[in-house]
**Q** 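Sending over a structure as structure tokens; questions will come in a sec.
Note that the structure is a prediction, hence the values are computed from the model and not measured.
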Amino acid sequence: QLQLVESGGGLVQPGGSLRLSCAASGFTLEYYTTGWFRQAPGKEREGVSCISSSGTGGTTIYPDSVKGRFTISRDNAKNTVYLQMNSLKPEDTAVYYCAASLFVTPQAMCARAEGRFDHWGQGTQVTVSS
């Protein structure tokens, strides 16, 4: 079964950190452009971090809203992509999803949050609150 499974969400205080995991099964994630997206209640989904396939250098993309606070990375041995989130703010509260797709650049992936990518995970809730 081809799937992506996110984990690592939860409740954290402002200024805290979380690391989200996106584990793939049934396919080799390192060959895919992979991205993290989030959707807060009443808002559109937005791309927050995207990374190119390992074979194309692992280029990373971040919007200004998370640049310097979020880091996307791969562990190919674990077939997993991570999102390290530091200095979290209440406005980071959302459901976070990962997606993977072939034949798309990380720039295009992060710009098309409603895109028809090859694989989507089910999402994990992140709540930043005191």
**Q** Under a 4.5 Å cut-off applied to non-hydrogen side-chain atoms, are P14 and P90 in contact?
**A** yes
**Q** Do the side chain of R19 and the main chain of Q84 share a donor and acceptor less than 3.5 angstrom apart?
**A** no
**Q** Between L18 and L88, is there a side-chain heavy-atom distance shorter than 4.5 Å?
**A** yes
**Q** What are the two closest non-hydrogen atoms of A24 and L4, and how far apart are they?
**A** CB-CD2, 3.7 Å
**Q** For the CG atom of L29 and the SG atom of C22, what is their distance to the nearest 0.5 Å?
**A** 6.0 Å
**Q** With a 3.5 Å cut-off and no angle check, do the side chains of S54 and N76 form a donor-acceptor pair?
**A** yes
**Q** Should the heavy atoms of other residues, nucleotides or ligands under 6.0 Å from CD of E44 be counted, would the total exceed 12?
**A** no
**Q** Side chain of S53, backbone of T33: donor and acceptor closer than 3.5 Å?
**A** no
**Q** Under the 3.5 angstrom rule, does the side chain of E6 hit a backbone N or O of Q122 as a donor-acceptor pair?
**A** yes
**Q** Taking the basic N atoms (NZ, or NE/NH1/NH2) and the acidic carboxylate oxygens, is any pair closer than 4.0 Å for D64 and K67?
**A** yes
**Q** Is a donor on one side and an acceptor on the other found under 3.5 Å between the side chain of T80 and the backbone of A23?
**A** no
**Q** Counting C-beta onward and ignoring hydrogens, is there a side-chain heavy-atom pair between I61 and C110 closer than 4.5 Å?
**A** yes
**Q** Would the distance check show the side chain of S52 and the main-chain N or O of T59 forming a donor-acceptor pair, the cut-off being under 3.5 Å?
**A** yes
**Q** Hey, could you give me the SG/CD1 distance between C50 and I72, rounded to the nearest 0.5 Å?
**A** 6.0 Å
**Q** Just by distance, do the side chain of D118 and the backbone of L102 share a donor-acceptor pair under 3.5 Å?
**A** yes
**Q** Are Y32 and F27 an aromatic pair, judged by ring center distance below 6.0 Å?
**A** yes
**Q** Is there side-chain contact between V126 and T93, with at least one heavy-atom pair below 4.5 Å?
**A** no
**Q** When you look at V12 and T127, which way does the side chain to side chain contact (heavy atoms under 4.5 Å, CB included) test go after all the steps?
**A** CA-CA 6 Å; V12 63; T127 302; over 6 Å; no
**Q** Between the side chain of T105 and the main-chain N/O of A108, is any donor-acceptor distance below 3.5 Å?
**A** yes
**Q** Evaluate the side-chain proximity of S129 to L11: yes if any heavy-atom separation is below 4.5 Å, no if none is.
**A** yes
**Q** In Å, rounded to the nearest 0.5 Å, how long is the span from CG of L20 to SG of C98?
**A** 9.0 Å
**Q** Rounded to the nearest 0.5 Å, what separation is found between the OG atom of S73 and the CD1 atom of I51?
**A** 7.0 Å
**Q** Rounded to the nearest 0.5 Å, what separates atom CD in E114 from atom CD in Q39?
**A** 6.0 Å
**Q** Going through the distances and angles, do Y96 and M85 end up as a side chain to side chain contact (heavy atoms under 4.5 Å, CB included)?
**A** CA-CA 12 Å; Y96 283 70; M85 304 187 295; 3.8 Å; yes
**Q** Is a side-chain donor-acceptor pair under 3.5 Å present for N86 with S17?
**A** yes
**Q** Flag the pair R74 and E30 as a salt bridge only when some basic side-chain nitrogen lies within less than 4.0 angstrom of an acidic carboxylate oxygen.
**A** no
**Q** Hey, is the main chain of T71 close enough, under 3.5 Å, to the side chain of Y82 for a donor-acceptor pair?
**A** no
**Q** Transitive ILVMFWY cluster of V95 at side-chain heavy atoms under 4.5 Å: who else is in it?
**A** F37, Y97, V104, M109, F117, W120
**Q** Using the side chain to side chain contact (heavy atoms under 4.5 Å, CB included) rule, take R38 and K43 through it: C-alpha gap first, then chi angles, then the decisive distance, then the call.
**A** CA-CA 9 Å; R38 67 185 180 188; K43 294 188 177 181; over 6 Å; no
**Q** Where is the tightest heavy-atom contact between W36 and S21, given as atom of each residue plus distance?
**A** CH2-O, 3.5 Å
